[in-house]
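To start, the structure itself, in structure tokens.
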Number of protein chains: 2
Amino acid sequence: MSRSSHPDATALQPERSRLSPRPVKDMSIDDVAAQAGVSVATVSRVLNGHSNVRAETRDKVLAAVESTGYRVNELARNLRTAESRLLLTMVPNFGNPFYAEIVRGIDSVARQHGYFMLLCDTGADPGRERSYFEMLRRRRADGAICLDPAAAQQALSEELNTLPWVACCEFDADVGVPYVGIDNYRAAGDAVMHLLARGHTRIALINSGDGYLYAQQRERGYLDALHNAGVDPDPRWQVHLDSLDYEAGASAAAILMAQAEPPTAIFTVSDTLAIGVVKGLRSVGKRVPDDVAVVGFDDISLAAQIDPPLTTIAQPMRELGETAARLLLKRLANRSANVPGVLLPHRLVVRGSA
Amino acid sequence: MSRSSHPDATALQPERSRLSPRPVKDMSIDDVAAQAGVSVATVSRVLNGHSNVRAETRDKVLAAVESTGYRVNELARNLRTAESRLLLTMVPNFGNPFYAEIVRGIDSVARQHGYFMLLCDTGADPGRERSYFEMLRRRRADGAICLDPAAAQQALSEELNTLPWVACCEFDADVGVPYVGIDNYRAAGDAVMHLLARGHTRIALINSGDGYLYAQQRERGYLDALHNAGVDPDPRWQVHLDSLDYEAGASAAAILMAQAEPPTAIFTVSDTLAIGVVKGLRSVGKRVPDDVAVVGFDDISLAAQIDPPLTTIAQPMRELGETAARLLLKRLANRSANVPGVLLPHRLVVRGSA
DNA sequence: TTGAAAGCGCTAACAC
DNA sequence: GTGTTAGCGCTTTCAA
């Protein structure tokens with residue numbers, strides 16, 4: 001039986017008033033039962049909001065709970081009900097502000113359904129990632145949402161398929177794991193077409209490592225958009241970075257501009273990178289957007305704050321998180337439910353940088 | 001007899017790799033014991049690395065674990081050992097990059113000691129905060145680290161004292177809860193003295209809400225530093241904000257500059273605010289630092305990236321987190337241990353903005 | 001409407 | 001070194 005279908009037990013356990021002293025030892029359900037003069041079964045029923053309890057009995061139990069300062073031991077409850085009510089969220093790097101809003105979306109849906117969310121920083125390390133999936137196998141968590149790159153690929157070769165998890169942002173539609181994300185190919189195309197429409201043809205791409213599926217998809221979107229416009233992309237303008245942080249973007253931009261024929265526009269697969277690019281450009285004396293236009297990706301809250309404000313592809317981060325959580329919950333509720341993959345819309349946000 | 005050892009079981013599960021068949025049903029320690037021809041106690045000993053097991057027996061058990069695909073059920077283990085091995089970390093807002101590195105520090109120490117860390121976003125809401133403390137009482141978590149403002153104050157009036165938690169960054173030394181933080185009073189003084197040394201006397205303070213202890217401490221540091229220099233602080237230059245985000249800083253700066261006698265320097269209690277201030281200043285045509293100098297607080301990684309790079313007070317964020325985790329672990333190991341309060345050093349980092 | 005009792009899967013005495 | 005067994009604190013049949 002789902003606990004969330006009943007009134008929250010918290011409501012039945014009011015904060016202890018200052019008048020009633022703290023229990024000397026930990027109270028168990030037996031103590032409450034003894035105190036109320038009923039059986040433990042009845043206490044349990046009251047705690048879980050079952051209706052088949054006489055009002056008078058319920059009051060006795062509640063009074064006993066109050067006077068003993070009893071708190072349910074969820075360790076015991078979890079064992080009995082065989083669920084931990086914990087959801088894992090795996091992110092490659094929670095210092096990256098892109099994830100913050102997604103995680104909020106997940107958290108809010110999880111809480112609404114009586115789950116807690118455990119945020120796990122994997123450092124995009126498959127080893128750590130696996131250690132978190134291991135938590136699922138050990139019943140420490142009921143399910144997981146993975147924003148990490150490696151998992152989707154590993155799911156092909158391992159029995160990760162059978163575990164209750166969903167992919168968010170990073171996904172492989174062929175792998176049989178429920179997912180939510182955006183159409184990275186088209187989003188990248190939109191960014192490039194915006195730059196083309198502004199008259200740019202020497203358009204660089206600053207990408208993350210190839211380990212990321214989205215990196216591959218956005219690269220194809222970039223290349224195809226260029227081809228469709230009859231522009232021949234210069235391979236020297238495509239750079240892959242291991243890191244998404246500001247510094248990485250800054251130095252990549254400086255290196256790009258040191259070329260004989262430097263690009264006049266830079267498309268970057270993340271806003272954090274783009275912010276670094278703007279700084280890097282400035283450090284070599286280039287103005288944005290006059291000398292070089294910059295387009296980012298994600299639309300983190302910072303994007304509108306920098307100088308110049310960043311033109312970028314907005315991802316619906318909150319919805320991404322909420323949707324991921326809903327898919328997972330659906331899967332948890334019914335293990336054999338056919339949970340779909342879903343693609344959410346992106347949006348080009350034009351600001352000052354391009 | 002375990003069904004997965006039957007050849008047919010594999011054939012019935014085509015989606016799994018044929019190399020390592022997974023169990024059809026969940027294996028328990030009894031299944032492993034049966035498979036290995038030993039008792040459950042022996043299996044438990046092997047699993048927990050006890051030394052008093054014959055090597056030969058150990059191998060038998062390990063082989064049985066392998067062949068059954070057994071995973072320990074930590075729900076059961078937790079009930080038996082009466083610990084969840086989960087630590088809570090409560091932050092008012094995990095979108096704020098200031099917390100990211102602290103949380104990393106906590107996480108790394110926790111993991112080293114076999115604990116998982118659950119990150120909780122309280123939104124600085126005492127209600128949500130209490131619901132997390134409630135998790136402690138219900139044995140869902142073993143201990144907590146709180147970076148939230150309200151807890152310290154509440155600890156005075158409630159029996160929060162008796163719960164296993166430590167305060168980080170936001171603390172009240174009088175409250176009897178172990179804590180780690182910096183000397184906010186002196187740090188603010190250092191920032192103001194730097195500005196004074198640069199010749200400023202019209203120095204504004206953009207502070208957060210009074211609910212934050214650090215806000216009060218930094219305000220006193222600011223006021224006293226000014227007094228000590230014989231400067232009379234203009235009350236119109238002290239603003240309190242509900243929010244720490246970029247927008248809040250931007251509009252506060254604009255309003256400050258609209259005064260008849262606007263300040264020539266702004267000290268801000270957080271880098272995020274300071275970044276907003278720089279943008280707000282720019283939007284009303286003021287140059288930084290030529291027209292107005294800006295000093296931030298925290299030294300988040302972004303601080304060095306913006307234009308101009310931010311002068312700020314650096315907090316040792318990683319160490320703050322690591323120390324908090326160690327204090328908590330110490331308290332958990334020995335409930336009656338006398339866990340101290342600790343103050344870590346801050347540092348003025350001079351960059352371009354002041 | 002209530003109670004008695006059987007476990008959930010594990011660890012740790014205690015016995016051999 | 002290894003096995004037997006008694007719980008950990010709860011939920012949930014099943015009977016009354």
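Every chain is numbered from 1, with letters handed out A, B, ... down the list of sequences.
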Side-chain donor-acceptor pairs under 3.5 Å in residues 117-125 of chain A, sequence neighbours left out?
from    : atom 1 : to      : atom 2 : distance (Å)
D121(A) : OD1    : G123(A) : N      : 2.9
D121(A) : OD2    : F94(A)  : N      : 3.3
D121(A) : OD2    : R104(B) : NE     : 3.4
T122(A) : OG1    : V91(A)  : O      : 3.2
T122(A) : OG1    : A124(A) : N      : 3.0
T122(A) : OG1    : D148(A) : OD1    : 2.9
T122(A) : OG1    : D148(A) : OD2    : 2.5
D125(A) : OD1    : G127(A) : N      : 2.9
D125(A) : OD2    : R128(A) : N      : 3.4

message: From CG of N48(B) over to P of dA13(C), roughly how many Å is that when rounded to an integer?
response: 13 Å

- request: Return the set of residues passing ring-ring contact (aromatic ring centres under 6.0 Å, His included) with Y115(B) (not counting sequence neighbours), or none when no residue passes.
  value: none

- prompt: How does protein contact run along nucleotides 2-9 of chain C, one letter per nucleotide 5' to 3', with B for base contact, S for sugar-phosphate only, - for none, heavy atoms under 4.0 Å?
  reply: BBB-BBBB

- prompt: Do other residues, nucleotides or ligands put more than 12 heavy atoms under 6.0 Å from the CG atom of N52(B)?
  reply: yes

message: Please determine whether a side-chain nitrogen or oxygen atom of N78(B) lies at a distance below 4.0 Å from atom OP1 or OP2 of dC10(C).
response: no

statement: Residue set satisfying side-chain hydrogen bond (donor to acceptor under 3.5 Å, both in side chains) with N334(A), at least two apart, ordered chain then number -> S336(A)

task: With sequence neighbours excluded, tell me which residues meet salt bridge (Lys or Arg N to Asp or Glu O under 4.0 Å) with E74(B).
output: R138(A), R140(A)

Rounded distance (Å) that lies between atom C1' of dC10(D) and atom CZ of R85(A): 16 Å

statement: Hits for side chain to side chain contact (heavy atoms under 4.5 Å, CB included) against A144(A), two or more places apart or cross-chain, chain-then-number order -> L88(A), M90(A), L136(A), W165(A)

- request: Could you list the residues that satisfy ring-ring contact (aromatic ring centres under 6.0 Å, His included) with Y99(B), not counting sequence neighbours?
  value: none

Could you list the donor-acceptor pairs under 3.5 angstrom formed between side-chain atoms of residues 321-333 of chain A and any protein atom two or more places apart in sequence or on another chain?
from    : atom 1 : to      : atom 2 : distance (Å)
E322(A) : OE2    : R318(A) : NE     : 3.4
T323(A) : OG1    : E319(A) : O      : 2.6
R331(A) : NH1    : L163(A) : O      : 3.3

field: Rounded (10°) bend between the five-pair end axes of the helix from dT1(C)-dA16(D) to dC16(C)-dG1(D)
entry: 30°

